[in-house]
Every structure is written in structure tokens, then in C-alpha cells.
Amino acid sequence: MIDIRIEIKHEIRKAFKKLYNYSCSLDSISIDDTPKNFEGFYTLIIFPHLKKLNSSPDEVGNSIGKYLIENTSIVSNYNIIKGFLNLDLSEKYIITLFNTIIKSKNWGINSTQDKEVMVEFSSPNTNKPLHLGHLRNIFLGDSISRIYNSCGYKTHKVQIINDRGIHICKSMVAWKNFGKNSSPDTNSIKGDKFVGDYYVMFEKEQKKQVKKLVEGGFDKDNAENNTPIMKEAIDLLKKWENKDKSTIELWRKMNNWVYDGFDKTYNILGVSFDKNYYESDTYLLGKKNIEEGVSKKIFYREDDGSVWVNLQKEGLDNKILLRSDGTSVYMTQDIGTAIKRFEDYPNIKKQVYTVGNEQDYHFKVLFKILEKLDYKWAKECYHLSYGMIDLPDGKMKSREGKVVDADDLIDHMIDTAKERTEQLGKIDDFDSSDLEGLYKKIALGALKYYLLRVDPKKKILFNPQESIDFHGNTGPFIQYTYARIKSIIRRADSLGLKYKDIDIENSVKLTVRHKKLINHIYTYPSVLNQAVENYSPALICQFLHDLSKLFNSFYQDEKIIDNIKNETTSFKIALSNLTSNTLYNGLSLLGIDVTEKM
RNA sequence: GCGUUAGUAGUUCAACUGGAUAGAACAUCAGAUUUCGGCUCUGACGGUUGAGGGUUCGAAUCCUUCCUAACGCACCA
């Protein structure tokens, strides 16, 4: 596909040369979209060139405008306002664009898969169920990997599961003490919820015991590590590290409950992973890599035995890599995991870590360390950092139990979707299993879109009312537009109207709405490129919302299947069909399903 | 204290990386359906872009000083 802007830039450069004997680079020519309230599609900004041209904006605008009309087939008209030259695209050119899109079959999709990329996301701890924060992470990571995929990359979706450490031992202790051999099955609740409840139980009991100790004269910091129940947890962690059989068994059992629960949630969300990395597998690798770094003098060992890296030259600080007792810290296993991943997949061009912005500094340090260790791929590691989610009454705090549970939220969204859809009463020809699928699609469409439409870097204020809104800039609005078009297509099919593989000739009269719609669809591939470059599904949301508005406006303005049924009718159906295909493709990159009726 | 990031209509978000009169959506108000799906469309209202200073043809965007908020600066994960 040819980028329209670049094509225009080339022509303008030629015009400058020919009319003014003025040479400039393509980059110095800036072409913008023409703002809505002015006539035209693209706008040349003349100001930057005035000095060199030694002329006035009007003069330059007129001569360039005339040149483009006479010497290219792109421009049919122009107007100049101040130093801005607004260019109208010719019908002939728009028709070329239209035919290009029609012939490409899958506009915007690059299925070469000749590059590889790894995307890490989700990566939960195993002591708590997934919450709203995870959902943003999961949707982002999943969407980014889908976007990569449609831009020609083979993608590997992975997560690192924090399955080991004091947190899971806390759940284990609580279960041993209060669990009475119960299980998710006996209590008929999801496994992750089950284990999470024991974690909460631990924290409650811990609080009680700390209070007791403090009353007995302990100072607070000391008390936290000296309660009987905490001692038990620490003891369990030691046993785990020494591979105590019954401890490992319990650990495995509880983690498996959690994985069962996670799988159910992932399943509803429609996300999956190609490979899981487990901290329990990789934390020892990191230690090995660090010892090697010490012997190469990249890291240094303090007298007490702890290992550090000095990053002051890089503008950062010193960072500990191994504790004095030889145990690993977070950074340790991240180093090991990164190295292992590039060993597992030597061809990946890029590794994307989807992790919240609270860890910006951590990843800066990690990538610097990998660079110091002389891994060439270190610069291909990218931290896809995203903002936290705030609730109307403040920040989510998982330690205080102030979280929005993922499953509860989804259930609630599905209920709302059901309620609203029933009110509309357009579902007579659905059977009950269709309906269940329909509500789920709408609910998740709303939720995914709501969390993806905001620039990842920015924090999100989660407003429960707005998140389940189906009007305006929302997922269901776009799903509705799709369903609406599909209804037209069904009708066209039943009437035997032709709209596929048509070649539009000049006999079709294009309106401004047609032209805007075609131009918009034509830019889809460049939107995808931008989305990849900026790691931003939000750009796709915006594109789809604009596309839906353009279509609905066109739909309202004129009858698509009219009585005339000539080439123009075919064209309008084809344009609708093209719109629905693009909506379908775009939504699928957000992980949002469409529905033929709703 | 130091560092990072942010602050835009009443609210939630945009602004093509320095371009025009800062755009959408929600909410509010006024309209549109003998019609292919009204979860739609067309308008109106709404702004000193946190504040001041600077850079230039031109600043929400770059520099600077304040103010406010979040996060980070652990032998936590």
C-alpha cells in the first residue's frame, strides 16, 4: 500500500523544485489531516518554506495547488487559509484507493510472520485472584501481541508465574491450620478464590498475633516477624527451599487449585498463553548468571557476601543482586528468566514486558544489567509500562482488600448486558445458548474497550457506570455498527445483489461521506503501524470509533439498498461490507468479538 | 530530600510528536424515524490547556520557576 501523505509529499517536492528551483527533504514537508471544519482531506503547511521561497503563503499555495491539479491525478481542488493549503482528493484517486482495498482481500493484515516477538503479560502471584489491575495488563498484552501478529510477526505470548515465596507459604500455613482438608471442590468455589481466602485468613490472624505481642512489650517491627504464625510461614519457606517432600506436595496442590481458577478466568476473557515460565524454575538460573558476572568482574561482592552491581556511570544507583545469605531477590530471577527466554527463542527480535509503571525503575536497571552482561539483545527488551487504575474513592489496595475482583466484575457486566438487551427486545430469534454468548460478547466488548481506549501510559479512573456504558465511544457501539451492516449484507445477499469483486468505474458518483469513509479505511494499515510503534491499542480504538461514526452518518444520510440497484448500489453495499470487514479486523486486535445480530 | 510521570470543557479521554478557530464521548438542552436495525443521526451549550516567565512566524506540546497528584529511591515481591 502507498501512504497517501508520502505520495503527496513527493509531488509537492517535485513542485517546489520545478516552480521555485527549491530542494528540500521529504521530512521537511509536513502534511496534516485537514481539520473537520475546513474543506479538504490533507493539508500542506506552507510556513516552514516561506523564507526559502521568498514569497507569500497565498502565492505559494496557489501555485502548488494548481501544479498538483494539473500534474497529478491525486488532487481535484484546493483552498488556502492563512498559510495552510487544503487539498481535496479527486474522485478518480479515491476510486483507485477503493479498488486497491477491495483487491487486497484482507486490508491491513500482513501474514508474512517472518519476524518473531515475545510478549509477557498477566504474570500473577499465586496467592490472590485476578483483579481489575490484572485485566488492564492482560488486555494490553493480549492486544499488543495480536497487533504484532497482524503486522507480520510471529508472536510468543508468555507469562512469568510467581509461584514461590513467602506469599504462597502464608496461604499454605493458613490452610494447614484452618483448612480442615477442605478444597475448592468441597466448598464449590474457584481455586484461586479458595487459596486467596486463606491468604486473607493468614493476614487476619497475623494482625491479631502482632497486636498481642506488641501488648506484651514487643516493638512493632520485631513483632511482625515473631508471631507464631509468621514463624510457621518462614519455616515453611525454608522447608520448601530444602525440597521437603510434604511441603512441596502441599505447595503443588495449592498452586494447581490457583491455576484452575486462573484458567477459568482466562477462558472467559478469551486469552491464552503459548508458554508459562515459573519462578520456581528460573530463580536458580539467575543465581548462576550472577556468579558468572562476579567472576567477570561485572558485579562485585561485598565483605558480607552480598552481590551488587554499580550502575552509577549509567546514571543509576547500586543495586543488590544476591543477599548476603546467598538467596535471590526479584532482580535475580528476572535476569535468569530473560536469558532463558532468548535461549528458548533465539530468533525473537523483541521482548515486551507488560508491567505496571510502578516498576519503571526496576526495568531500567534490569536492561542496563543485561547490557553490561554483554547480551546484544538487551536493547531489544522493552518495558510496556502502563498506568495504575484508580477507583472513584481512591487507589486500589490489594493488601487492604480494596480491589475490584475480575470475576465479579465480568459477571456484573454480563448481567448488565443482559438487562439492557432484554429491554431493547430484538432477540426473539436467539435461542438461549446464543443469548449467553451474546451477553458475554457485549460485556467483554464494553470492558476491553473501556480499558484499552486510554493511552497505556496514563492512569485510568475506573468509573463503574461508564465502564458498562453502551453508547458513544464504547465497544458495544462499534459492535452495534458491525451488526447493523451485517443485517444489510444479509439483505443484499437475499436479493442476490452483487458487491464482491466489483470494479468501480467512473460512473459512480461519490459523495463527500463516501470519500471520507474510503480515505479513512485506506489509512488503516498506517494506524496499525503507529499502534505497534507506540505500543498503543488506544490508537485502534480511536480509529474504530471514527470509522463507526463515519459509517453511521453515511447510513443515516442515504439509503444503501435503494430501488435503483445499479452500479452505485453495488458500490454502496461494497463500501458497507468493507467497513464491516475493517471493524471486524480492528476489533479482533483488541480481543473483542463481533456478533451478527444484537 | 532526590528521581520519574502526569495535570486539557462539569466528567472521561483525544490532539498525527511544534501548526489553523484545542477535538470526541458522556451529561444537559433542541431536533430527526411512512426508512436497509433509534444501542442511530443532526445541532446547541460548554476551554485563560494547573500558574508565571522564556524560545519563534506559531506552544497543550520545547526550556525554566513554582503549585498539585501518583509512583519509585529496600539484603520486599
Side-chain angles (χ1 to χ4, degrees), chain A residues 5 30-38 43 45-48 50-51 57 81-84 86 125 162 164-167 279 302 304-308 315-317 319-331 333-334 356-362 364 385 387-388 390 395 420-421 423-424 426 442 450 453-455 457-463 465-467 469-474 476-481 483-492 495 523 526-527 530 534 538-539 541-542 545-546 548-549 551-562 572-573 576 597-598:
Chain A
R5 286 170 204 245
S30 53
I31 300 287
D32 277 19
D33 287 348
T34 304
K36 262 188 157 179
N37 26 352
F38 298 96
T43 296
I45 300 158
I46 302 171
F47 299 112
L50 284 179
K51 272 182 195 158
I81 295 165
K82 293 193 198 169
F84 300 89
N86 300 325
N125 285 358
N162 300 306
R164 145 213 109 83
I166 192 71
H167 58 271
E279 199 181 299
E302 285 283 354
D304 63 4
S306 58
V307 175
W308 296 73
L316 303 170
D317 218 331
K319 185 84 192 172
I320 190 159
L321 301 176
L322 283 178
R323 295 194 191 96
S324 50
D325 65 1
T327 56
S328 65
V329 292
Y330 196 25
M331 191 60 79
Q333 66 226 10
D334 270 356
N357 65 10
E358 55 203 345
Q359 296 194 35
D360 285 354
Y361 184 76
H362 173 83
K364 236 188 229 175
S385 165
M388 300 287 101
D390 289 344
K395 205 194 165 216
R420 304 260 171 98
T421 305
Q423 276 168 13
L424 288 168
K426 290 189 217 165
I442 296 174
Y450 181 77
R453 60 177 248 255
V454 181
D455 186 311
K457 288 193 286 289
K458 301 205 175 168
K459 63 169 190 251
I460 289 184
L461 194 117
F462 184 79
N463 181 327
Q465 261 100 52
E466 276 175 26
S467 69
D469 206 336
F470 296 162
H471 306 274
N473 189 6
T474 66
F477 169 71
I478 298 167
Q479 287 172 316
Y480 172 75
T481 307
R484 203 182 203 192
I485 297 173
K486 279 299 171 186
S487 166
I488 294 173
I489 300 297
R490 279 194 297 273
R491 177 139 179 266
L495 293 171
T523 61
S526 70
V527 171
Q530 255 184 291
N534 295 306
L539 297 175
C541 293
Q542 231 172 289
H545 181 231
D546 288 338
S548 298
K549 279 196 301 180
F551 178 84
N552 282 325
S553 175
F554 153 61
Y555 175 95
Q556 202 78 18
D557 190 55
E558 54 189 300
K559 210 164 156 73
I560 291 167
I561 299 179
D562 48 26
K572 286 192 289 188
I573 300 167
S576 306
K597 298 176 200 169
M598 68 188 279

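In what follows, every chain begins at residue 1, and chains take the letters A, B, ... in the order their sequences are listed.
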Residues in side chain to side chain donor-acceptor pair (under 3.5 Å) contact with A:S467, at least two apart in sequence or another chain: none
Just jot down the ring-ring contact (aromatic ring centres under 6.0 Å, His included) partners of A:F38, sequence neighbours excluded, or say none. none
Partner set under side-chain contact (heavy atoms from CB on, under 4.5 Å) for A:Y361, not counting sequence neighbours: A:L316, A:D317, A:V365
Residue list, side chain to side chain donor-acceptor pair (under 3.5 Å) with A:N37, at least two apart or on another chain: none
Once you round it to whole Å, what is the distance between C1' of B:A77 and NE2 of A:H167? 8 Å
Considering every strand and a 4.0 Å limit on heavy-atom distances, what is the contact class for A:S553: base, sugar-phosphate, or nothing? sugar-phosphate
Which residues pass the side-chain contact (heavy atoms from CB on, under 4.5 Å) test with A:N125, not counting sequence neighbours? A:N127, A:N162, A:H167
Once you apply a heavy-atom cut-off of 4.0 Å, does A:E302 come out as touching a base, just sugar-phosphate, or nothing? nothing
Under the rule for salt bridge (Lys or Arg N to Asp or Glu O under 4.0 Å), what residues qualify as partners of A:E279, not counting sequence neighbours? A:R164
Residue from A:N473, A:I485, A:I478 passing side-chain contact (heavy atoms from CB on, under 4.5 Å) with A:S548: A:I478
It should be established whether A:T421 places a side-chain nitrogen or oxygen under 4.0 Å from OP1 or OP2 of nucleotide B:C39. no
Among A:L461, A:V454, A:I460, find the one that has a side-chain contact (heavy atoms from CB on, under 4.5 Å) with A:K458. A:V454
Over how many whole Å does the gap from A:N125 atom CG to B:A77 atom P extend? 11 Å
Assign A:H545 to base, sugar-phosphate, or nothing according to its heavy-atom contacts below 4.0 angstrom with the strands shown. sugar-phosphate
When syn is taken as a glycosidic angle within 90 degrees of 0, is B:U34 syn or anti? anti
So which one's nearest nucleotide on RNA chain B is more toward 5', A:M598 or A:G472? A:G472
Under a 4.0 Å threshold between the charged nitrogen and the carboxylate oxygen, would A:R420 count as salt-bridged to A:D469? no
Just checking A:I561: base, sugar-phosphate only, or nothing, at a heavy-atom cut-off of under 4.0 Å? base
With sequence neighbours left out, the residues meeting side-chain contact (heavy atoms from CB on, under 4.5 Å) with A:K457 are A:D455
Stems formed with participation of RNA chain B [Watson-Crick or G-U wobble, under 3.5 Å, three or more pairs]: B:1-7 with B:67-73, B:10-13 with B:23-26, B:28-32 with B:40-44, B:50-54 with B:62-66
Rounded to whole Å, how long is the line connecting atom CD of A:Q556 with atom P of B:G37? 12 Å
Interatomic distance where OH belongs to A:Y330 and C1' belongs to B:G72 [whole Å]: 14 Å
Strictly under 4.0 angstrom, non-hydrogen atoms only: write out the protein contact profile of nucleotides 13-22 of chain B, one letter per nucleotide from the 5' end, B, S or -. SS-BB-BBB-
Taking only N and O in the side chain of A:R490, is any of them less than 4.0 Å away from OP1 or OP2 of B:G37? no
Using a cut-off of strictly less than 4.0 Å, decide whether A:H471 has a side-chain nitrogen or oxygen near OP1 or OP2 of B:A25. no
Looking at every strand, decide which applies to A:F470 at a 4.0 Å heavy-atom threshold: base, sugar-phosphate, or nothing. base
Could you state the CD-C1' distance from A:E358 to B:G72, rounded to the nearest angstrom? 9 Å
On RNA chain B, nearest-nucleotide positions of A:K51 versus A:L424: which is more 5'? A:L424
For A:Y555 and B:G38, what is the distance between atoms OH and P respectively, to the nearest whole Å? 5 Å
